[in-house]
Each structure stands twice: as C-alpha cells, then as structure tokens.
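Contents: one structure, followed by commentary.
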Amino acid sequence: MAREGEGVKPWEMVFKTGRFPVEISDTTKLGSATAPPPPKPLLLAFPTQSGEYPVLLLFHGFLIPNTSYTQLLQHISSHGYITVAPQMYILTGENAEPEIDNAEAIFNWLPDGLSYYLPDKIRPDMENVGIAGHSRGGKVAFGSALRLAAQTTKIKLSALVGIDPVDGTGRGHQTKPPILTHKPHSFDLDHCPTLVIGSGLGPKWNLLIPPCAPEGVSHTEFFSECSSPSYHFVASEFGHMDFLNDDAGPLTCFCKNGVAREPMRSFSGGITVAFLDAFLRNDSEAFNHLLLQPEDAPVTLEPPQSFVSKTYKLISRL
C-alpha cells in the first residue's frame, strides 16, 4: 500500500492510496433496534483509525449498483473521509424525481442516523459534508444540492462533485426533472464549492451505440451553469464508465471507454480528494498545483477551467 513518504509531493499523494486503512460495511447488516434506518440501503467506507472525518455522499449512475464504486470509495476514504454510497433503486424509469427526493432525505438523515452505523471511534464531521454523483447520479447530486441550497437544514452542504454528470439523451431531451437551464452560471447553490469531472470519450459513439454522456447535457453544460466557486477537469482519453471497479460488469461495454480504468479512478479519486482538502480542510496546495500544472496528473487533461469570484482567487490562483 502506498504511504506518505519523504519526497512525495502533495499533488502526487492524492492520486495514490492514502495513509488510512479502510473498512467497507453495509447498513443492511448493521444497526440495532434503536438505530434510525436510512431512507435507502447504504455502503459505508471509512478509515479504521480513531478520529473525526468529513463525509461525502456518492450517488450511483443509471442502473449501476453502488458496489461498482468500491475502489473509488476506498481511494477517497483512505485520505481521511467517510464515504456513503446509497443504493437508490434496482430498476427505475426515466424520471429522476424520486431519486432526488431520496437523496434529500438521506442528506437530512445523516446528522441523526449515520453514527449508529459506524464504530464508536469513528466520528462523522457534520460541519463538513459533501455530495457527489456519477452519470445520472450527478444529475441527482445537482438536483438535491439546488433544493438544499434553498432550505434551512440541520447541516449545510459544504461541497458538490459531479462525476461526468448527465441530464438526459441530448439537448431538448432532458429527463425529468430537467436540471440544466442552458443559462450560464444559473445554478443557485448558495456559494457551495463545486467540482465537475468530465470524460473526453463520454460524448463519443461506441460503434453503433449512442454516447453515454451526450453533448448538450453533460459535464461541459453542468460546469457552464455552476456559480462561483466552480472548477472543471476533463480527462481526454477516458470514458464514462472508467470511474468504476475493474469488475463492474457488462453494462460498461455500452460506452466508449479508455484502455484501462485504474488511471481514471486514481485521477478522479485524487482530484476529488484535492478539492475536498482545499475547501473542507483549508489545505489547497495539491488542488492549486493541479489547476496550474495539470500535466502532473496521472492522465492527460484538457486545460482546467474555473469560475471564481474575488473571494476565491486565493484558492484557485486563476
């Protein structure tokens, strides 16, 4: 296992396995008669070392089980985060409204319920809670974040991550409820820091199969509508399913993907860690460096983009 070591730079460390051993558990096999049940079954990944850790919710993509993200969850958690991956459904239709309802319910369940399903020595930091989502789960993450920004809740959303988010099959063909408005910087997220990760091959056809992340409703449009502070990284040689486990199954064959998944998992996990460290831990060294020198990432990146107000210039240096 890779560990922190002398001579390893912070922007190199985030792409490697972190210093914390990680345990993964399933809430369907945990809890007690007094534990408030979560709105949906959850996979939990958390450091085994005693301490208090920020929390990140991760919503899965369309028809993808949450177990297909365990390698990504382990990467993030090994850097000192509790990651929570709900199983939103087994089968579903086009309408994502029920998922957004459930995502909101899970977020509001966290402060009173999560601790019941963690070891006593592992304490969730409810002052620092983020939401992330892949593919349709990215749409769900943005949809729930927009709702939460307009509410008074027990805990405040501290960060938002869209992992190749998708809002339908093309412009004019968004699934319900439409999240994208096609108006620049129209998302009112109450200044929630936002990271959008995109795949360069997501908008490409896979032989006769349409794109899994079509132009007009994917990462470029989501970033365009983000408010300050927001950031956009695109791995040009990788595809929509390259964030998943190596054994994720035949569903991945429908999308045009890169030559291997491990580099994209390392990148997406690492840039998420760097982003969360910057905004939840006030440690922006790795994130700043990668904004300015993206060639140091383990995959080829398009030039990173940012949309920041003067308040956040110190974080982004852009």
Side-chain angles (χ1 to χ4, degrees), residues 1-25 42-59 66 69-85 110 114 118-119 121-134 141 157-163 193-197 231 233 235 242-246 261-291 293-294 296-299 301 304 315:
M1 178 181 294
R3 300 286 186 180
E4 290 182 302
E6 186 176 354
V8 181
K9 305 298 184 183
W11 52 90
E12 298 171 334
M13 288 165 45
V14 295
F15 299 121
K16 301 178 183 295
T17 301
R19 65 186 180 90
F20 295 99
V22 173
E23 180 179 336
I24 294 181
S25 63
L42 309 174
L43 274 184
L44 307 176
F46 50 88
T48 58
Q49 182 175 314
S50 177
E52 183 178 57
Y53 303 99
V55 178
L56 181 68
L57 272 172
L58 175 66
F59 299 110
N66 58 359
Y69 296 88
T70 53
Q71 289 177 292
L72 180 60
L73 297 175
Q74 286 178 312
H75 185 112
I76 296 170
S77 291
S78 75
H79 289 271
Y81 291 91
I82 298 168
T83 52
V84 180
L110 291 174
L114 181 57
L118 294 169
K121 65 181 182 178
I122 307 301
R123 303 182 303 279
D125 177 6
M126 288 300 160
E127 296 296 316
N128 289 292
V129 178
I131 289 178
H134 169 236
L157 180 61
S158 300
L160 174 62
V161 182
I163 303 174
T194 304
L195 171 66
V196 179
I197 304 170
Y231 307 87
F233 287 80
D242 287 330
F243 307 92
L244 306 184
N245 293 355
D246 288 328
R261 293 185 194 140
E262 192 279 332
M264 186 57 150
R265 281 197 310 269
S266 295
F267 165 68
S268 57
I271 199 64
T272 297
V273 167
F275 168 73
L276 295 176
D277 283 352
F279 285 97
L280 304 189
R281 289 180 164 144
N282 198 30
D283 180 3
S284 60
E285 184 175 3
F287 194 60
N288 281 342
H289 179 90
L290 293 164
L291 280 165
Q293 295 183 266
D296 287 339
V299 298
L301 296 177
I315 291 287

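Counting from 1, the numbers follow the sequence of the chain as shown. This is a predicted model, so every value here is computed, not measured.
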Apply side chain to side chain contact (heavy atoms under 4.5 Å, CB included) to V129 and L57, showing your working. CA-CA 8 Å; V129 178; L57 272 172; 5.5 Å; no
Short side-chain to backbone donor-acceptor contact, [X] and [Y], under 3.5 Å:
{"X": "K16", "Y": "S266", "result": "no"}
{"X": "R265", "Y": "L244", "result": "yes"}
{"X": "S77", "Y": "A45", "result": "yes"}
{"X": "S158", "Y": "E127", "result": "yes"}

Any side-chain heavy-atom pair from L280 and D125 closer than 4.5 angstrom? no
Taking all atoms of both residues into account, what is the closest heavy-atom pair of [X] and [Y], and its distance?
{"X": "L291", "Y": "P294", "answer": "O-CD, 4.0 Å"}
{"X": "F15", "Y": "L290", "answer": "CZ-CD1, 3.6 Å"}
{"X": "G80", "Y": "P54", "answer": "O-CD, 3.5 Å"}
{"X": "P263", "Y": "V299", "answer": "O-CG1, 3.6 Å"}
{"X": "I76", "Y": "V273", "answer": "CA-CG2, 4.0 Å"}
{"X": "L44", "Y": "L118", "answer": "CD1-CD2, 4.2 Å"}

Please indicate whether E52 has more than 12 foreign heavy atoms, meaning atoms of other residues, nucleotides or ligands, lying under 6.0 Å from its CD. yes
Should the pair F279 and F287 be assigned to parallel (<30°), tilted (30 to 60°) or perpendicular (>60°) ring geometry?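 It falls in the perpendicular class, over 60°.
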Test log, rule side chain to side chain contact (heavy atoms under 4.5 Å, CB included), inputs L301 and F267: CA-CA 10 Å; L301 296 177; F267 165 68; 3.5 Å; yes
From [X] atom [atom1] to [Y] atom [atom2], the distance as rounded to the nearest 0.5 Å:
{"X": "Q71", "Y": "E262", "atom1": "CD", "atom2": "CD", "value": "8.5 Å"}
{"X": "H134", "Y": "N66", "atom1": "NE2", "atom2": "CG", "value": "14.0 Å"}
{"X": "F275", "Y": "L160", "atom1": "CZ", "atom2": "CG", "value": "7.5 Å"}
{"X": "D277", "Y": "T272", "atom1": "CG", "atom2": "OG1", "value": "10.5 Å"}
{"X": "M126", "Y": "L114", "atom1": "CE", "atom2": "CG", "value": "4.5 Å"}
{"X": "I122", "Y": "F46", "atom1": "CD1", "atom2": "CZ", "value": "6.5 Å"}

I need the full list of salt bridge (charged side-chain N to carboxylate O under 4.0 Å, His left out) pairs touching residues 69-82, with sequence neighbours left out, sorted by first then second residue. none
Does a donor on one side chain sit under 3.5 Å from an acceptor on the other, for Y81 and N128?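 No - no donor-acceptor pair under 3.5 Å links their side chains.
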S78 and T17: side-chain donor and acceptor closer than 3.5 Å? no
Test Q74 against every option in I24, T83, N245 by the side-chain contact (heavy atoms from CB on, under 4.5 Å) rule and name the one that passes. I24
